[in-house]
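A short write-up of the structure that comes next.
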Amino acid sequence: MNTQRGGIILDKTALTLLIIGGLNWGLMGIFQFDVVAWLFGGSGSLLSRLVYIVIALAACWCVSLLFRRNSLAESA
């Protein structure tokens with residue numbers, strides 16, 4: 001049961017990061033404004049690149065949500 005709870009927390013964290021990344025892409029598309037680059041010193045800075053990598057890893061994790069038998073809504 002504890003393992004399932006940890007998985008739900010990881011799923012929700014990954015989904016939250018993915019939503020943040022999606023909103024950032026939306027702002028880039030509409031206003032050409034990159035919030036991550038603005039907050040962390042440009043798109044080439046180490047901190048910005050780490051944020052981009054973490055969001056990409058969250059997106060990879062969220063792919064697994066598509067193929068699970070129990071959805072997040074059923075287990076919450």
Side-chain angles (χ1 to χ4, degrees):
M1 179 129 168
N2 193 13
T3 306
Q4 184 181 10
R5 184 173 184 214
I8 291 172
I9 292 170
L10 185 59
D11 291 346
K12 287 185 178 185
T13 302
L15 284 169
T16 302
L17 288 170
L18 195 58
I19 290 167
I20 291 168
L23 292 173
N24 190 49
W25 273 103
L27 288 171
M28 284 288 296
I30 297 169
F31 301 110
Q32 294 182 345
F33 180 69
D34 186 350
V35 175
V36 173
W38 178 71
L39 287 174
F40 298 112
S43 61
S45 74
L46 180 61
L47 197 51
S48 291
R49 291 177 63 193
L50 287 174
V51 170
Y52 296 137
I53 290 168
V54 168
I55 291 174
L57 290 172
C60 291
W61 179 263
C62 287
V63 170
S64 72
L65 295 176
L66 294 173
F67 302 104
R68 292 192 197 160
R69 288 179 181 238
N70 297 329
S71 70
L72 189 60
E74 291 173 358
S75 61

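Just so we're clear, the structure is a prediction, and the values are computed from it rather than from any experiment. Note: hydrogens, waters and symmetry copies are ignored here, and every other heavy atom, side chains too, is used. Counting begins at 1 with the first residue of the sequence.
- Each of Met28 and Phe31 belongs to its own hydrophobic cluster when Ile, Leu, Val, Met, Phe, Trp and Tyr are linked at side-chain heavy-atom distances under 4.5 angstrom.
- Partner of Cys62 under the side-chain contact (heavy atoms from CB on, under 4.5 Å) criterion, chosen from Ile19, Leu17, Leu18: Leu18.
- Summarising the hydrophobic clusters (Ile, Leu, Val, Met, Phe, Trp, Tyr; side-chain heavy atoms under 4.5 Å, direct or chained), the residues clustered with Val63 are Leu66, Phe67.
- Trp61 is linked by a side-chain hydrogen bond (donor to acceptor under 3.5 Å, both in side chains) to Asp11, counting only residues two or more places apart in sequence or in another chain.
- The minimum heavy-atom distance linking Ala58 with Ala14 is given by the pair CB-O, 3.6 Å.
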(request) Give the C-alpha distance, both sets of side-chain angles, the deciding distance and a yes or no for side chain to side chain contact (heavy atoms under 4.5 Å, CB included) between Lys12 and Ile9. (result) CA-CA 5 Å; Lys12 287 185 178 185; Ile9 292 170; 6.0 Å; no
Would you be so kind as to tabulate the donor-acceptor pairs closer than 3.5 Å made by side chains of residues 34-47, with sequence neighbours excluded?
unit_1 : atom_1 : unit_2 : atom_2 : d
Asp34  : OD1    : Asn24  : ND2    : 3.0
Asp34  : OD1    : Val36  : N      : 3.2
Asp34  : OD1    : Ala37  : N      : 3.4
Asp34  : OD1    : Tyr52  : OH     : 3.4
Asp34  : OD2    : Tyr52  : OH     : 2.5
Ser45  : OG     : Phe40  : O      : 2.7
Ser45  : OG     : Gly42  : O      : 3.1
Ser45  : OG     : Ser48  : N      : 3.3
Ser45  : OG     : Ser48  : OG     : 3.1

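- Distance check, rounded to the nearest 0.5 Å: OG1 of Thr16 to CD1 of Ile55 gives 11.0 Å.
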